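Data first, discussion second: the structure below is written as structure tokens.
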Number of protein chains: 2
Amino acid sequence: MVPVPGPTIRDVANLAGVSVATVSRVISGSAPVSPATRERVEEAMAQLGWRPNMAARSLVHGRTGLYGVIVPDVANPFFGELATGMTREAARLGIQIVMLHTDFSEEQDLAALDLCREHRLDAVIYTSGTLGDAHRDAFRKLGRPVVLAATFDPDGEWPGILVDSEIGARMGARHLLSLGHRKIALLGGPETDQVAAGPRWRGWRAELAEAGCLPPAEWQLEVRWKQQHGYQAAISLLRQPEAPTAILCCSDMIALGVLAAAADLGISVPHELSVVGFDGQAIAGFWRPPLTTIGQPIGLIGREALHLATRLVAGEEPPTTRWLTPELIVRGSTATPRR
Amino acid sequence: MVPVPGPTIRDVANLAGVSVATVSRVISGSAPVSPATRERVEEAMAQLGWRPNMAARSLVHGRTGLYGVIVPDVANPFFGELATGMTREAARLGIQIVMLHTDFSEEQDLAALDLCREHRLDAVIYTSGTLGDAHRDAFRKLGRPVVLAATFDPDGEWPGILVDSEIGARMGARHLLSLGHRKIALLGGPETDQVAAGPRWRGWRAELAEAGCLPPAEWQLEVRWKQQHGYQAAISLLRQPEAPTAILCCSDMIALGVLAAAADLGISVPHELSVVGFDGQAIAGFWRPPLTTIGQPIGLIGREALHLATRLVAGEEPPTTRWLTPELIVRGSTATPRR
DNA sequence: CTGTTAGCGCATTCAA
DNA sequence: TTGAATGCGCTAACAG
């Protein structure tokens with residue numbers, strides 16, 4: 001099945017007995033066309049099954065009508081929801097989105113940005129976490145609007161939309177403190193992550209320090225983002241003679257790993273151990289006990305990021321980064337400590 | 001930030017003091033270029049930060065070097081894993097993939113296929129489930145290879161790669177039967193789904209009928225694919241005086257909903273109720289009890305679908321649909337029935 | 001209202 | 001080894 005050229009606008013024009021310009025007018029509505037002619041052209045288009053060649057069109061316009069969305073991991077429900085929010089809004093606005101999956105690889109990130117540039121996508125929404133210098137460079141070379149979704153630029157060069165993780169982390173810590181917990185462990189992503197993990201560590205520590213119960217270093221574990229990482233860390237944490245009564249986690253996935261570990265060790269949640277997640281993913285609400293967590297309005301972030309992009313494409317003034325407030329969602333995985 | 005035109009090949013040629021043809025030769029290697037000239041050109045490219053305009057290039061070639069992947073729901077971990085398998089393989093092969101998310105909407109499916117056609121993508125991998133006539137039409141008009149991943153074409157017009165769901169369903173049923181279950185309920189997707197739900201219903205029924213314990217109609221519930229649907233169905237099923245001792249589910253997500261429902265009703269799994277899922281998603285292994293399920297090699301399906309597409313693009317003979325055998329993964333959610 | 005024509009940026013002849 | 005010219009499919013002046 002070798003690529004078959006397919007009909008061109010000229011074929012349509014010939015079949016309809018008009019010039020290519022007239023065909024162009026019919027499809028773009030850029031100038032009046034007599035109803036009779038229009039009908040002949042439309043018939044010819046239908047008969048030939050012709051569709052415009054976007055490469056040719058974008059060569060003329062310098063635009064494609066396409067927005068690129070760069071995502072590190074579509075298999076992660078968080079990014080899946082984010083992308084869903086964007087595509088729903090895009091469908092509503094008649095915008096086309098192409099998703100570029102980069103598998104958490106900087107190399108693929110940059111390749112994706114190159115692709116956006118080479119194909120002259122109208123805008124790029126970037127969701128892949130902390131920005132490196134290579135990213136900044138690539139953004140600049142893009143020559144197109146860039147919007148950050150669920151991440152941000154400390155220098156403020158590119159606008160973004162995301163929740164304030166530090167506030168969210170404080171909410172989680174305060175919730176545990178108000179329940180009476182004093183022995184609280186922390187399970188978080190890399191502190192070098194300035195977008196998600198870093199601020200969460202900061203928020204937790206600030207809140208716990210103010211309450212005078214900053215946990216010892218052994219109870220502050222840096223882990224990666226998935227369930228298995230939370231599981232392993234929790235196993236080692238909970239096996240120690242002196243165990244925490246509560247654990248704050250950087251993501252729902254980590255927290256679900258902790259719940260599994262507790263179940264395996266015969267530790268009852270929430271009676272013997274309270275667990276708090278972060279993100280508010282739907283699946284965590286179906287766990288038993290359902291996970292108490294800090295909810296992010298993920299769909300909203302996606303929608304708003306797309307809006308931001310459309311405004312920038314329309315040439316409006318670049319807005320600044322917008323911070324949303326997360327929400328404490330109290331479910332069944334937290335309670336007053338037994339002792 | 002209005003789109004800035006950016007440098008063209010002509011700018012590079014001028015700066016290097018050569019013709020555009022020479023620049024073209026340097027980047028394509030289509031003809032020999034003297035080392036000195038090459039160096040001057042490369043310098044000019046670097047200095048200008050020039051990147052080829054793919055719209056122009058694809059106008060000439062009729063190819064883009066891009067494969068389109070059409071996915072109904074990236075927030076669903078199944079499709080996320082499938083997409084990950086493809087993008088990993090694509091990265092390895094140096095192929096670029098653009099993902100089109102269609103939100104389970106036929107309209108968006110067709111829009112995505114239009115986009116693939118208008119942008120002359122080199123191939124399309126379609127993953128969105130049962131094919132309608134509109135899809136077939138759109139595939140034909142594409143004029144490009146189409147590969148089906150985790151779905152198939154009953155007419156065999158387009159090759160695909162997927163597991164044999166009927167065999168998988170039989171495996172699940174046989175597992176329960178061999179444990180001694182006779183009162184088995186079925187929770188599946190729409191029977192009209194010829195790809196996933198339909199064959200699973202068929203497999204279950206055939207296996208159970210052969211064992212002489214086909215469940216009554218009230219125990220055969222058609223539900224949608226997510227946890228909440230499984231949850232609700234299980235609640236109504238398990239509240240009845242005469243309840244099944246086991247439930248076969250069409251997906252892991254449905255099964256996780258069932259596990260939550262059982263927990264809420266105080267029904268102990270697997271002692272009072274056995275549950276079997278379908279798909280083998282990683283997250284279901286972290287449930288407690290971990291879910292017994294029928295595993296699909298999702299990543300492999302993605303990889304192979306991409307391979308198939310590359311072979312078709314290379315002009316090799318169209319292979320036929322390839323069926324993979326699923327695998328019974330026995331974990332903690334199934335056991336011998338108590339009574 | 002409609003046709004003719006000149007590019008958009010690049011690859012590819014054909015000459016030199 | 002290099003340059004000039006042509007055309008890919010389409011839009012946007014400019015004429016008529």
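In what follows, every heavy atom counts, from backbone to side chain, and hydrogens, waters and symmetry copies are set aside. Values in this document were obtained by computation on a predicted structure and should not be read as measured data. Residue numbers start from 1 in every chain, and the chains themselves are labelled A, B, ... in the order their sequence lines are given, proteins ahead of strands.
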Please state how far atom CG in A:L59 lies from atom P in D:dC8, giving the value in whole angstrom units.
-> 13 Å
Could you tell me whether the phosphate oxygens of D:dC10, OP1 or OP2, come under 4.0 Å of any side-chain nitrogen or oxygen in A:S58?
-> no
Salt bridge between B:E157 and B:R136, side-chain N to carboxylate O under 4.0 Å?
-> no
Of B:S34 and B:V60, whose nearest nucleotide on DNA chain D comes first from the 5' end?
-> B:S34
Sugar-phosphate, base or nothing in reach of B:V23, heavy atoms under 4.0 Å = nothing
Position toward the 5' end of DNA chain C (nearest nucleotide), A:R10 or A:R120 = A:R10
Which nucleotide sits closest to the side chain of A:R25: D:dC10, D:dA13, D:dG3?
-> D:dA13
Toward the 5' end of DNA chain D, which comes first, B:A56 or B:P35, by nearest nucleotide?
-> B:P35
Which listed nucleotide (D:dC10, D:dT11, D:dC8) is nearest to the side chain of A:H61?
-> D:dT11
Any side-chain N or O of A:S24 less than 4.0 Å from the OP1 or OP2 oxygen of D:dT11?
-> yes
Is any NZ, NE, NH1 or NH2 atom of the basic residue among B:E89 and B:R92 found under 4.0 Å from an Asp or Glu carboxylate oxygen of the other?
-> yes
Exam field: side chain B:T127 to backbone B:I70, donor-acceptor pair closer than 3.5 Å | yes
Going 5' to 3' along DNA chain C, which nucleotides are the first and last within contact of chain B (any atom under 4.0 Å from a heavy atom)?
-> C:dG9 to C:dT13
Let me know the distance between CZ of B:R117 and C1' of D:dG9, rounded to the nearest Å.
-> 15 Å
Is a side-chain donor or acceptor of B:D11 paired with a backbone partner of B:T8 at a separation under 3.5 angstrom?
-> yes
Round to the nearest Å and state the distance from A:R57 atom CZ to D:dC8 atom C1'.
-> 16 Å
Examine distances only and state if a side-chain atom of B:T321 and a backbone atom of B:G160 form a donor-acceptor pair shorter than 3.5 Å.
-> yes
Exercise: identify the closest heavy-atom pair between A:D122 and A:T64 | OD1-N, 3.0 Å
Please check the phosphate of D:dT11 (OP1 and OP2 only) for any side-chain N or O of A:S30 closer than 4.0 Å.
-> no
Over how many whole Å does the gap from A:I9 atom CD1 to D:dG7 atom C1' extend?
-> 16 Å
Can you find a side chain N or O atom of B:T37 that sits less than 4.0 Å from OP1 or OP2 on D:dT2?
-> yes
Counting only N and O atoms by type, is there a donor-acceptor contact under 3.5 Å from the side chain of B:R322 to the main-chain atoms of B:I161?
-> no
